[in-house]
Amino acid sequence: MREIRNDLYLRTLRGEKVERTPIWVMRQAGRYLPEYRETRKQAGDFLTLCKTPELACKVTMQPIDRFGLDAAILFSDILTIPDAMGLELVLEEGVGPVFNKPIRTISDIDNIHIPNMETDLSYVTSAIKVIREELNDRVPLIGFTGSPWTLASYMVEGSGSKEFRRIKGLMFEDPNSMHRLLQIVTDSVVDYLRAQVAAGAQSLMVFDTWGGMLSTDNYQRFSLEYMHQIVSSLKSDPVTQDVPVVLFTKGGGQWLEMMVETKCDGLGLDWTVDMAAAKARVGDKVVLQGNMDPVIMNTGEQQVMSGATQVLEAYGHHAPEDRGHIFNLGHGIQPFAKPENMTALVNTVKSHSTNYHC
Ligand code: CP3
């Protein structure tokens, strides 16, 4: 039997009146799911999983099939771009992502390979095509990228970081080179998102995981400026202009008004942001996505139900001037999360949120 088409997520992003709050979860496909761990084992390693469209499709579908979420997100990673630039990504067990050839000198910036979307990253567009076919319009597909600042952070640090000594060192000591690197990354990100949309991505999200490490002034110059360019390029290109764009700066709660200036369609909020206050500040201009503390997903069903209810209550009633709310966690779901808590979360949001839409 053909399933009913669910476009609640896209209608919410277009600012249309909807009957309930849509829900999807950052990192919804991942290690907390036994079926993911099984497919990953079959693939051998994480990058093979990303680079094999049939397997990427399989893990993209797993949380959709199991929980009935309202959007699918392409199974991939933000670090595909630096990998395609020649930095050689490896995912080390217990360490996280590491580049064999990080950016360490100015000439490394000059020698960056500009990725060709049709050759270097065709595994991503192929995966999108396979997933759209498999989804058959059940729910929309979200494509994504890392922000230029976040990608550059990994490229220069060579791995995850707590203090960002190298990237901030470059920013303070040689801002021109920093800007040159960010511009190279931004141009590839725009190409990449365009290729994702041409292949079938129906909405886009920019993950600025490390923008919150910056001072307000440097956030504007080194992160927001490039996200602004991305949104402007997408909105002026006939291929991408109608595709909604959501920006998420983790730790960026104090900058929501500035982020809205990019003309993005939605803002992702981490759990430190007061949803009611965010709605009062920018809720008439953008859709707000978020923002339950992901650690609640590692606890019990009661905590999940009460956490979800609190977020829905904080957004409150959907008045005509409100752009809308998409339920999500405030950051990715963790490997320690209990799968049965996702069931409780989805059921709570689906049933309880109707109270706020009339
Ligand atoms: O959301 C989804 O389900 C789609 C897939 C997705 C992954 N990574 C899969 C993944 C998305 C959207 C990302 C984005 C991503 N990747 C971000 C931005 C979002 C955020 O979390 O702030 C960042 C910073 C990365 C970089 C990255 N990739 C890290 C730090 C890690 C290791 C952390 C960890 O959980 O081990 C990865 C690997 C990664 N990306 C995994 C998954 C499912 C774990 C891989 C595995 O061990 O199987």
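As the structure lists them, so they are numbered: ligands from 1, and atoms in each ligand from 1.
- Scanning all protein heavy atoms for the shortest distance to atom 35 (O) of ligand 1 gives Arg31 NH2, 2.4 Å.
- The closest approach between Lys250 and ligand 1 stays at or above 4.0 Å for every heavy atom of the residue.
- When the heavy atoms of Pro97, Ser153, Pro63 are ranked by distance to atom 32 (C) of ligand 1, first place goes to Pro97.
- Ranking protein heavy atoms by distance to atom 28 (N) of ligand 1, first place goes to Asp77 OD1, 2.7 Å.
- Within the 4.0 Å heavy-atom criterion, the part of Arg40 lying near ligand 1 is the side chain and not the backbone.
- Less than 4.0 angstrom separates some heavy atom of Thr209 from each of these atoms of ligand 1: 18 (C), 19 (C), 20 (C), 22 (O), 24 (C).
- Looking at Glu157, its side chain does come within 3.5 Å of a backbone N or O of Ile167 through a donor-acceptor pair.
- When non-hydrogen atoms are compared, ligand 1 lies under 4.0 Å from neither the backbone nor the side chain of Leu49.
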Please determine whether side-chain contact (heavy atoms from CB on, under 4.5 Å) holds for the pair Gln241 and Val243, giving the CA-CA distance in whole Å, both sets of side-chain angles, and the decisive distance to 0.1 Å. CA-CA 6 Å; Gln241 65 191 3; Val243 175; over 6 Å; no
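- Ring geometry, His179 versus Phe222: the interplanar angle falls under 30°, so the pair is classed parallel (tilted spans 30 to 60°).
- Nearest residue to atom 9 (C) of ligand 1 from Gly96, Gly30, Ser76 is Ser76 (criterion: closest heavy atom).
- Considering backbone and side-chain atoms alike, Met26 places every N or O at 3.5 Å or more from each N or O of ligand 1.
- No side-chain donor-acceptor contact under 3.5 Å links Gln62 and Gln28.
- Checked by atom type, the side-chain pair Thr216/Trp255 shows a donor-acceptor distance below 3.5 Å.
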